Amino acid sequence: MIDEHRHSGIHYENEAGVALLRVDRPEARNALSWAAQEAFARAVDAASGAAEGGALRVLIITGTGPAFVAGGDLKELAGYGAPADGARLNRIMSRALDRLQQLPAPVIAAINGDAVGGGCEILLACDLRLMAAGARLRFAQGAMGLTTGWGGTARLVRQVGQSRALDLLLTGRAVEAEEAQEIGLIHHIVPPGADTLVEAQAWARELQKWPRDALAALKRLVYATGSRADEAVAAYERTLFVQLWGSENHQEAVRAFLEKRRPRFNQS
C-alpha cells in the first residue's frame with residue numbers, strides 16, 4: 001500500500017485485491033499539478049506491479065468531491081509555457097495512461113462528478129466506466145488551444161467513432177450521463193442518491209469472481225485490435241500537442257482562465 005495523499009493529492013491503496021486510486025484535490029476540482037501527475041503515474045506503476053504479481057484483481061479510479069478530474073492544474077501550469085513543458089506533461093501522463101490500459105486486470109472509472117479535458121482522457125484509458133447521474137463530460141482541449149495530449153483522440157475515436165469524436169472534440173460541448181451512455185462513452189449510470197464508489201466496488205467484487213488470467217487475456221486481445229495504428233496516432237498527437245503547448249492561443253486560454261474572462265484567440 002502507498003499513500004501519497006498528504007503531499008500530492010493522490011491516494012492509492014489495495015484492499016483484498018481491489019485497489020483504489022483517488023484524485024483528492026477538491027479545492028482544485030481534482031486538477032493535476034506536476035506533483036499529482038507524477039504521483040498518479042507512480043500509483044499506476046504500483047498497481048501494475050501488484051496486478052502482475054496477482055495481488056491486485058481490479059483497480060478503481062475516482063475523484064473526491066463534486067468533480068472526477070479537471071485535467072491539468074492550469075493555475076500551476078500557467079508558468080510552464082515552453083514546448084519542453086508540454087513534452088513533459090505529455091510524457092508523464094501518456095505513459096501512465098498507456099500503462100493503465102496495459103494493466104493485466106480490469107480498471108473501472110467511477111466518475112463521481114464532472115470530467116473535463118485530461119479527466120476525460122483518464123476515463124477513456126479505463127476499461128469500464130460508470131458515471132453519476134448528474135455528472136458531465138467535456139473535451140475542453142480545443143477551447144484551450146490544444147489537442148488531446150494523453151492519448152485521448154485515438155481512444156475516443158475507437159470508443160465512439162470518428163463522427164461523434166469530431167463533434168465532442170471540435171465543439172467542446174458538455175455531455176450528460178444519458179448521452180454518454182447512449183454513444184458508448186460509459187457503461188452504467190449511477191442513480192441520484194447512490195454512491196458512485198460503492199457501485200464501482202460492487203462491480204469490482206463481481207469481476208473478482210472471474211478467472212484472473214482469462215480477464216487479462218481478454219483485455220489484451222481487445223486492445224490488440226488496431227494497436228499499430230494507435231501507436232502512429234499517439235506519436236502524431238505528441239507532436240501536435242507539444243507544438244500547441246507553447247502557442248499564443250494556448251497561453252491566451254490560460255491567461256483568460258486565470259483572469260476569469262473570455263479568451264481572445266487568433267490575435268497574431
Side-chain angles (χ1 to χ4, degrees), residues 4-5 8-13 18-33 36-37 39-41 43-44 47 58-75 77 89 93 96-97 100-101 103 106-141 143-144 148-152 155-156 159-160 168-169 172-181 183-204 257:
E4 305 197 27
H5 164 271
S8 66
I10 300 296
H11 175 74
Y12 170 84
E13 62 181 7
V18 176
L20 176 66
L21 195 170
R22 183 194 293 273
V23 182
D24 192 1
R25 307 187 74 234
E27 73 286 353
R29 294 187 61 77
N30 296 328
L32 299 177
S33 62
Q37 291 170 43
F40 185 99
V44 172
V58 183
L59 173 64
I60 298 171
I61 298 180
T62 195
T64 296
F68 176 68
V69 180
D73 187 343
L74 293 179
K75 290 184 178 179
L77 298 178
L89 182 66
M93 289 302 296
L97 297 190
L100 192 68
Q101 189 171 293
L103 200 78
V107 181
I108 299 174
I111 308 165
N112 56 295
D114 291 356
V116 181
C120 292
E121 298 196 61
I122 290 173
L123 65 88
L124 282 170
C126 299
D127 309 309
L128 303 169
R129 293 170 289 278
L130 51 80
M131 181 175 175
R136 300 186 302 172
L137 311 179
R138 181 168 174 252
F139 291 86
Q141 288 89 343
M144 297 305 299
T148 55
W150 301 344
R155 292 188 178 102
L156 182 62
Q159 195 69 40
V160 303
L168 298 178
L169 291 168
R173 64 182 181 83
V175 179
E176 307 286 345
E178 292 76 10
E179 182 184 0
Q181 184 180 44
I183 66 177
L185 265 178
I186 65 165
H187 299 90
H188 299 299
I189 298 175
V190 178
D195 189 312
T196 308
L197 179 56
V198 170
E199 296 286 330
Q201 289 168 333
W203 201 0
F257 173 83

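Every value quoted in this text rests on a predicted model; they were computed, and no experiment measured them. No hydrogens, no waters, no symmetry mates; every other heavy atom, side chains included, goes into these values. This chain uses plain numbering: 1 for the first residue, then up along the sequence.
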Legend entry - Option from Leu21, Val44, Val58, Asp127 for which side-chain contact (heavy atoms from CB on, under 4.5 Å) with Val107 holds: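 That would be Asp127.
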Counting only N and O atoms by type, is there a donor-acceptor contact under 3.5 Å from the side chain of [X] to the main-chain atoms of [Y]?
X      : Y      : value
Thr62  : Ala110 : yes
Ser33  : Ala36  : yes
Arg138 : Gly172 : yes
Glu121 : Gly152 : yes
Glu176 : Gly134 : no
Asn30  : Gly63  : no
Asn112 : Gly65  : yes
Thr148 : Trp150 : no

Legend entry - Electrostatic pair Glu179:Arg173 at N-O distance under 4.0 angstrom: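 Judged by the 4.0 Å cut-off on N to carboxylate O distance, Glu179 and Arg173 do form a salt bridge.
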Inset, instruction - Mind listing the closest non-hydrogen atom pair of Ile108 and Ala204 along with its distance? - result: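 Closest heavy-atom pair between Ile108 and Ala204: CD1-N, 3.9 Å.
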Legend entry - Minimum heavy-atom distance Ala39-Ser8, with the two atoms named: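 Where Ala39 meets Ser8 most closely, the heavy atoms are CB-OG, 3.2 Å.
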Solution key, residues 183-203 side-chain donor-acceptor pairs under 3.5 Å, sequence neighbours excluded:
residue: His187; atom: ND1; partner: Arg129; partner atom: N; Å: 3.0
residue: Asp195; atom: OD1; partner: Leu197; partner atom: N; Å: 2.8
residue: Asp195; atom: OD1; partner: Val198; partner atom: N; Å: 3.2

Inset, instruction - State the SG-CD1 distance between Cys126 and Ile60, to the nearest 0.5 angstrom. - result: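 Taking SG in Cys126 and CD1 in Ile60, the distance rounds to 10.5 Å.
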Heavy-atom side-chain contact between [X] and [Y] under 4.5 Å:
X      : Y      : result
Gln37  : Leu77  : yes
Ile111 : Leu130 : no
Phe68  : Val116 : no

Inset, instruction - Report the C-alpha separation of Leu123 and Ile61 in whole Å, then their side-chain angles, then the decisive distance to 0.1 Å, and conclude whether the side chain to side chain contact (heavy atoms under 4.5 Å, CB included) test is met. - result: CA-CA 8 Å; Leu123 65 88; Ile61 298 180; over 6 Å; no
Legend entry - Set of side chain to side chain donor-acceptor pair (under 3.5 Å) partners for Asp73, sequence neighbours left out: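 Applying side chain to side chain donor-acceptor pair (under 3.5 Å) to Asp73 gives Arg25.
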Legend entry - Verdict with reasoning, Asp24 to Ile10, per side chain to side chain contact (heavy atoms under 4.5 Å, CB included): CA-CA 6 Å; Asp24 192 1; Ile10 300 296; over 6 Å; no
Legend entry - side chain to side chain contact (heavy atoms under 4.5 Å, CB included) between Leu97 and Leu124, worked out: CA-CA 9 Å; Leu97 297 190; Leu124 282 170; over 6 Å; no
Legend entry - With sequence neighbours excluded, residues passing side chain to side chain contact (heavy atoms under 4.5 Å, CB included) with Val69: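 So Val69 forms a side chain to side chain contact (heavy atoms under 4.5 Å, CB included) with Val23, Leu32, Ile122.
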